[in-house]
Amino acid sequence: MKILITGGAGFIGSHTVVELIEAGHTPIIIDNFSNSEKWIIDRIEKITGQKPTVYEGDCADKKFIADVFQKEKNIDGVIHFAALKAVGESMEKPLEYYRNNLDSTMTILEEITRHKIGNFVFSSSATVYGDPKENPIPEIAPRQPATNPYGNTKSIIEDIIRDLASADKNFSALSLRYFNPIGAHSSGLIGELPKGTPNNLVPYLTQTAAGKRKELTIFGDDYPTPDGTGVRDFIHVVDLARAHIAALDYLKKQPKPFYDIFNIGTGKGTSVKEIIETFEKINRVKVPYKIGPRRPGDIAACWADPSKINKIIGWRAEKTIADALKDAWKWEKNIS
Ligand code: UD1
């Protein structure tokens with residue numbers, strides 16, 4: 001299939017492009033490189049032996065997007081990753097987040113409907129569940145009001161997609177609610193490239209192990225969890241990337257219009273302390289850390305019930321936390 005990938009040079013996007021090529025599909029990348037690097041495209045070629053077509057530009061640029069759809073005839077589906085994604089920044093610049101994330105999605109959706117493409121896969125997030133009443137979280141758990149504009153854009157876009165699927169008979173879509181993607185490609189050639197100080201646990205941890213940061217701070221060890229630290233469903237980015245290919249194959253077979261939502265997680269919760277311990281053990285490297293106060297807005301625990309996608313689509317996460325932490329370290333050493 002010929003698949004358009006917005007944000008295809010980003011962390012999850014680049015891994016998905018690799019998996020698409022390896023599954024025999026033809027990815028077409030759209031990226032404005034605002035939070036990614038052009039050399040990632042060369043790395044994709046190095047891994048797969050194929051250089052994907054790339055259009056550099058912004059998904060909110062109507063003319064640019066219309067031209068891409070015009071030029072690339074016979075697009076079979078679209079995976080929409082392109083978005084601003086920093087929680088803290090979204091609280092400082094809400095308008096920028098709403099304008100960017102909503103405009104880009106609307107522009108892409110307008111072209112999809114104009115060309116009667118359907119097969120739209122949206123990068124949603126477990127953030128839409130807020131602080132869950134219980135774990136693991138099934139898709140039928142209620143969404144909760146987002147605590148930040150970034151999270152709110154995910155929720156609003158899910159609603160836009162649902163409404164479009166009930167109005168447009170040619171449209172079909174899936175929202176994939178990602179839990180916590182970590183790791184890197186096992187080649188060590190592509191991975192996460194945080195700008196400035198990383199907000200997320202694993203990039204901060206690998207940078208500390210590499211000596212770029214003095215120490216890691218565990219944000220709170222007094223949560224009601226087995227060891228007091230936060231618990232999350234960390235999923236290897238390659239498993240997550242493969243979920244998109246399985247999702248597209250499934251979506252293609254559904255009668256239009258169609259819309260559904262799937263959790264993408266392992267089904268297992270792992271604590272911050274367990275992540276540090278596993279990292280040290282698998283990579284034989286010490287990570288200096290201290291216990292600090294809780295980070296505002298954090299929740300105690302959140303992990304997925306992935307049984308819906310396991311049963312209906314037949315995808316499940318195969319890699320371990322140790323695999324992800326080994327790959328993340330290999331990648332960090334390559335870029336340090
Ligand atoms: C965050 C976002 C989520 C987004 C996801 C992307 C929030 C509230 N949620 O999830 O919307 O989709 O990133 O991956 O920001 N931790 C430390 N020390 C650190 C960094 C993190 O102890 O230096 C802890 C956190 O307190 C948390 C766990 O590690 O318990 C995971 O944090 P993080 O990687 O930032 O992800 P989330 O906050 O779960």
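When reading the values below, keep in mind they use all heavy atoms of this one structure, side chains included, and skip hydrogens, waters and symmetry mates. Just so you know, ligand 1 is whichever comes first in the structure, and atom 1 is the first atom listed for that ligand.
For ligand 1, the protein residues within 4.0 angstrom (heavy atoms only) are V87, S125, T127, Y150, N180, N199, N200, L201, L216, T217, I218, F219, G230, R232, V272, R295, D298.
Contact annotation: the side chain of P194 approaches that of Q207 to within less than 4.5 Å [non-hydrogen atoms, C-beta and beyond].
The existence of a salt bridge linking D31 and K38 is excluded, since no basic side-chain nitrogen approaches an acidic carboxylate oxygen closer than 4.0 Å. Residues D239 and R316 are not paired through a salt bridge, judged by the lack of any N-O separation under 4.0 Å between the basic side chain and the carboxylate. Note on R99 versus D103: salt bridge recorded, some NZ/NE/NH1/NH2 to OD/OE distance being below 4.0 Å. Ion pair K62/E111 not flagged as a salt bridge, since none of the NZ, NE, NH1 or NH2 atoms sits closer than 4.0 Å to an Asp/Glu carboxylate oxygen.
In summary, the aromatic rings of Y178 and H244 are positioned with their centroids under 6.0 Å apart.
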